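Structure, as structure tokens:
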Amino acid sequence: MNPTTTPAASGGRSAQYDAFHTARAHTDLVARLYATAMGEDYPAETAASSSCDWPLLGLMTARLRMRPGQRLVDAGCGTGGIGLWLARALALRLEGFDLSPVAVAQATGRRTHFLGSTGHAAFRVAELEHTNLPDRHAHGIVCVDALGTTTDRTAAMRELGRVLAPGGRLLLTRSTRRGAEPTWPEQAQAAGLTLEHVDERPAEPAMWDRLYKLWIAHADDLRRELGEVQTERMLREAHQMLPKLPSRRAVLLTLRPAHTLPAPSTADTMTAPRLPSGQPPFHEEIPQ
């Protein structure tokens, strides 16, 4: 879960996510609501609290263009399901980080389920703006619905660009208001990155709409399973975001180091398959 009204201080944000992941570990209710919202597009094994569905997993697999044995970084990994799924599918080495120690511990515990051992994946606590990873460390980076947790998105993109090796690709989910001029081209340029693809995700807003309405409809069940504090945060997010969904445009960006490719005049654009969507909460609020 990624409340859109989290405090600016990382300690406050970490505490909220820690509490959510701790509560969710004791019930399957949240996963069942995600599954209902996404329908057949729900990748149950990942158990992600994000908008990651089967179409997005397939699109990321294609856009990464990674070779077996290369290093993938899952930035803002949560409980690790997305990165672990990609690492298994593409035979990659995985490093994940998240600001929640509880999520990192849960991700660490899931390694053997996906990879059969612990040697090809590692998770640790870090923030998008301060990864503490070496320069040019990753052949690929995925960041699903996590950029909205930062206080400075340009700084976070610059940090991820620093970690990206020449020829590597950074995949980011982003959103903006439909018809508005997006900010990501300027942010990419400031981070020394160039846009390779902009893939539309037309089914994503409708998934959020279904999920938020399910949260509201099952408020009593959520209170019983997660407690009053976590439920109220989820309901606050739902009521704040539902009015914004009709104007929401969601995309997957594929970026590369600017020195790797000549900067195109227009990024390649493709529309994702229109399949029934579905999965969890917002990691990026639509700009006002």
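For clarity, every value in this text was computed on a predicted model and none was experimentally measured.
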Given side chain to side chain contact (heavy atoms under 4.5 Å, CB included), test Arg153 with Arg174 step by step and report yes or no.
-> CA-CA 11 Å; Arg153 295 176 187 177; Arg174 297 295 305 270; 4.0 Å; yes
Thr176 and Arg249: side-chain hydrogen bond (donor to acceptor under 3.5 Å, both in side chains), yes or no, with the steps?
-> CA-CA 5 Å; Thr176 188; Arg249 178 194 177 196; over 6 Å; no
Please name the pair of heavy atoms, one in [X] and one in [Y], separated by the smallest distance, quoted to 0.1 Å.
X: Leu128; Y: Ala75; value: CD2-CB, 3.6 Å
X: Ala107; Y: Leu84; value: O-CD1, 4.1 Å
X: Thr131; Y: Leu160; value: CG2-CD2, 4.3 Å
X: Leu226; Y: Met234; value: CD1-SD, 3.5 Å
X: Asp98; Y: Gly76; value: OD1-C, 3.4 Å
X: Pro205; Y: Pro202; value: CD-O, 3.6 Å

Residue set satisfying salt bridge (charged side-chain N to carboxylate O under 4.0 Å, His left out) with Arg162, at least two apart, ordered chain then number -> Asp135, Glu159
N/O donor to acceptor pairs below 3.5 angstrom from side-chain atoms of residues 108-116, sequence neighbours left out:
residue : atom : partner : partner atom : Å
Thr108  : OG1  : Val104  : O            : 2.9
Arg110  : NH1  : Thr46   : O            : 3.2
Arg110  : NH1  : Thr79   : O            : 3.0
Arg110  : NH1  : Thr79   : OG1          : 3.2
Arg110  : NH2  : Glu45   : O            : 2.8
Arg110  : NH2  : Thr46   : O            : 3.1
Arg111  : NE   : Thr108  : O            : 3.0
Arg111  : NH1  : Thr118  : O            : 3.3
Arg111  : NH1  : Ala121  : O            : 2.9
His113  : NE2  : Glu45   : OE2          : 3.0

Minimum side-chain heavy-atom gap [X]-[Y] below 4.5 Å:
X: His239; Y: Ile216; result: yes
X: Asp199; Y: Val251; result: no
X: His197; Y: Arg256; result: no
X: Leu33; Y: Leu222; result: yes
X: Leu252; Y: Leu172; result: no
X: Glu204; Y: Arg248; result: yes
X: Val125; Y: Phe97; result: no
X: Met60; Y: Leu57; result: yes

Test side-chain hydrogen bond (donor to acceptor under 3.5 Å, both in side chains) on Thr36 and Arg210 and set out the steps.
-> CA-CA 8 Å; Thr36 301; Arg210 291 191 296 271; over 6 Å; no
Can any side-chain N or O of [X] pair as donor or acceptor with the backbone N or O of [Y] at less than 3.5 Å?
X: Asp74; Y: Gly83; answer: yes
X: His26; Y: Thr22; answer: yes
X: His120; Y: Arg93; answer: no
X: Thr150; Y: Ala156; answer: no

Examine the side chains of [X] and [Y] and answer whether a donor and an acceptor come within less than 3.5 Å of each other.
X: Gln70; Y: Arg65; value: no
X: Arg178; Y: Ser247; value: no
X: Glu95; Y: His137; value: yes
X: Arg201; Y: Ser51; value: yes

Partners meeting ring-ring contact (aromatic ring centres under 6.0 Å, His included) with Trp85 (sequence neighbours left out) = Trp54
Spatial distance of atom [atom1] ([X]) from atom [atom2] ([Y]) [nearest 0.5 Å]:
X: Met66; Y: Leu86; atom1: CE; atom2: CG; answer: 9.0 Å
X: Ser100; Y: Phe20; atom1: OG; atom2: CZ; answer: 10.5 Å
X: Leu94; Y: Leu72; atom1: CG; atom2: CG; answer: 5.5 Å
X: Thr231; Y: Asp220; atom1: OG1; atom2: CG; answer: 9.5 Å
X: Leu56; Y: Leu171; atom1: CG; atom2: CG; answer: 8.5 Å
X: Asn132; Y: Glu127; atom1: CG; atom2: CD; answer: 9.5 Å

Might you work through the side-chain hydrogen bond (donor to acceptor under 3.5 Å, both in side chains) test for Gln106 and Arg24, ending with a clear yes or no?
-> CA-CA 11 Å; Gln106 292 177 4; Arg24 183 175 174 179; over 6 Å; no
Indicate, with yes or no, if [Y] and [X] share a hydrophobic cluster defined by side-chain heavy-atom contacts under 4.5 Å among Ile, Leu, Val, Met, Phe, Trp and Tyr.
X: Phe123; Y: Val102; value: no
X: Leu164; Y: Leu133; value: yes
X: Val229; Y: Leu235; value: no
X: Met241; Y: Leu214; value: yes

In sequence, state the C-alpha distance, the side-chain angles, and the governing distance for Leu193 and Gln189, and then conclude on side chain to side chain contact (heavy atoms under 4.5 Å, CB included).
-> CA-CA 5 Å; Leu193 300 166; Gln189 184 177 25; over 6 Å; no
In terms of the angle between their ring planes, are Tyr17 and His21 parallel, tilted or perpendicular, with boundaries placed at 30° and 60°?
-> tilted
So Trp215 and Tyr34, would you call those rings parallel, tilted or perpendicular, with 30° and 60° as cut-offs?
-> perpendicular
Under a 4.0 Å N-O cut-off, is there an ion pair linking Glu196 with Arg63?
-> no
Look at Glu232 together with Arg223 and state whether they make a salt bridge at an N to O cut-off of under 4.0 Å.
-> yes
Should Thr61 and Leu90 be marked as a side chain to side chain contact (heavy atoms under 4.5 Å, CB included) after you check the CA-CA gap, both sets of side-chain angles, and the distance that decides it?
-> CA-CA 8 Å; Thr61 301; Leu90 299 174; 3.7 Å; yes
More than 12 heavy atoms of other groups within 6.0 Å of Glu181 CD | no
